[in-house]
Amino acid sequence: MATKIRLQRRGRKGYAFYSIVVADARAPRDGKFIEKVGTYNPNTNPSTVDLNFDRALYWVEVGAQPTDTVRSILRHEGVYMMKHLRGGIKKGAFDEAEAQKKFDVWKDAKVKGDENVRAKDAKAKKDAYEKNLKAEKAVNEAIAKKVAEKKAAEAAAKAEAEAAAEAPAEETPAEA
């Protein structure tokens with residue numbers, strides 16, 4: 001039986017959530033499957049993958065063919081790296097402890113790279129927020145200055161009107 005590792009769509013309309021399953025190649029996309037090996041949520045930033053690493057590695061080693069998307073997920077999680085290292089163990093290039101050490105170094109570098117990208121995105125987002133806040137404060141200060149000038153002009157006009165109203169009233173008794 002030809003087996004495939006593929007995504008099985010779940011979730012609601014417009015908010016896809018996928019299960020990573022091993023299924024017979026002839027089975028429909030959301031139909032019967034042999035085993036569920038993980039989940040994939042593309043709606044989060046970055047995408048969230050919850051994978052049973054050992055079972056995924058087992059199925060890749062016994063010949064299950066992943067779809068393109070699942071292959072990229074498995075590469076990102078390190079399944080193909082471990083498969084490569086296990087091939088080196090079988091050939092006698094190194095022992096299992098050294099292979100695990102190489103995998104851990106690779107995984108740490110991958111995690112650090114992902115953290116750096118997240119930190120860079122967070123910093124860019126924070127900088128953009130601060131820039132927008134500064135621009136908004138400048139606009140608000142300009143508006144406040146215009147309002148203050150307008151109120152001062154209105155107050156001056158009112159004072160002139162009151163002064164003009166008082167001046168003829170004082171002159172009228174003197175004329176009489």
Side-chain angles (χ1 to χ4, degrees), residues 1-140:
M1 159 173 54
T3 55
K4 285 201 150 294
I5 304 175
R6 63 180 174 211
L7 298 176
Q8 189 176 55
R9 192 178 197 282
R10 299 281 181 230
R12 66 177 188 265
K13 180 178 166 183
Y15 192 85
F17 183 85
Y18 298 95
S19 294
I20 301 170
V21 297
V22 177
D24 184 359
R26 298 169 291 183
R29 179 192 74 179
D30 297 337
K32 186 176 174 184
F33 60 88
I34 300 168
E35 181 180 358
K36 179 179 173 182
V37 293
T39 59
Y40 169 62
N41 185 1
N43 302 305
T44 59
N45 188 14
S47 299
T48 307
V49 176
D50 181 29
L51 185 68
N52 184 338
F53 187 86
D54 295 330
R55 292 306 294 166
L57 180 61
Y58 165 78
W59 282 106
V60 168
E61 286 181 337
V62 296
Q65 294 297 311
T67 60
D68 293 338
T69 305
V70 174
R71 183 178 296 115
S72 70
I73 291 170
L74 295 178
R75 275 199 183 114
H76 187 267
E77 293 297 312
V79 173
Y80 277 94
M81 179 66 167
M82 183 55 85
K83 180 184 177 202
H84 172 73
L85 292 172
R86 282 196 176 174
I89 293 169
K90 288 178 186 174
K91 291 178 182 176
F94 41 81
D95 60 346
E96 190 153 340
E98 190 175 340
Q100 187 62 40
K101 183 179 173 186
K102 286 182 179 186
F103 180 75
D104 291 339
V105 168
W106 176 85
K107 191 70 171 174
D108 289 342
K110 188 83 165 162
V111 168
K112 281 184 182 178
D114 290 347
E115 288 174 359
N116 288 341
V117 168
R118 286 189 194 108
K120 195 179 282 186
D121 287 347
K123 186 179 183 320
K125 195 174 190 179
K126 184 179 176 185
D127 290 345
Y129 173 77
E130 289 175 357
K131 181 181 175 187
N132 289 340
L133 183 64
K134 196 174 189 179
E136 187 175 340
K137 283 183 180 180
V139 168
N140 288 344

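For the numbers below, each heavy atom of this structure counts, side chains included, while hydrogens, waters and symmetry mates do not.
- For Asp68 and Arg71, the salt-bridge test passes: some basic side-chain N is under 4.0 Å from an acidic carboxylate O.
- When all heavy atoms are compared, the tightest approach of Ile5 to Ala64 is CG1-CB, 3.7 Å.
- A donor-acceptor contact closer than 3.5 angstrom links the side chains of Gln100 and Asp104.
- By the neighbour-count criterion of 12 heavy atoms within 6.0 Å, atom CD of Glu96 is sparsely surrounded, having that number or fewer from other residues, nucleotides or ligands.
- Using a cut-off of 4.0 Å between Lys/Arg side-chain N and Asp/Glu carboxylate O, Asp127 and Lys123 are scored as salt-bridged.
- When side chains are defined from C-beta on, Thr69 counts as touching Ile73, because their heavy atoms get closer than 4.5 Å.
- Open room surrounds CZ on Arg26; 12 or fewer heavy atoms of other groups in view lie less than 6.0 Å from it.
- Looking only at atom types and distance, the side chain of Gln8 has no donor-acceptor partner in the side chain of Arg6 under 3.5 Å away.
- Residues Tyr80 and Arg75 share a closest heavy-atom pair of CD1-CG, 3.9 Å.
- Phe53 approaches Met82 most closely through the heavy-atom pair CZ-CB, 3.9 Å.
- Annotation: Lys107, atom NZ; neighbour count of heavy atoms from other residues, nucleotides and ligands within 6.0 Å is above 12.
- Contact check for Asn45 versus Asp121: no side-chain heavy atoms found under the 4.5 Å cut-off.
- Asn41 approaches Ala16 most closely through the heavy-atom pair OD1-O, 4.1 Å.
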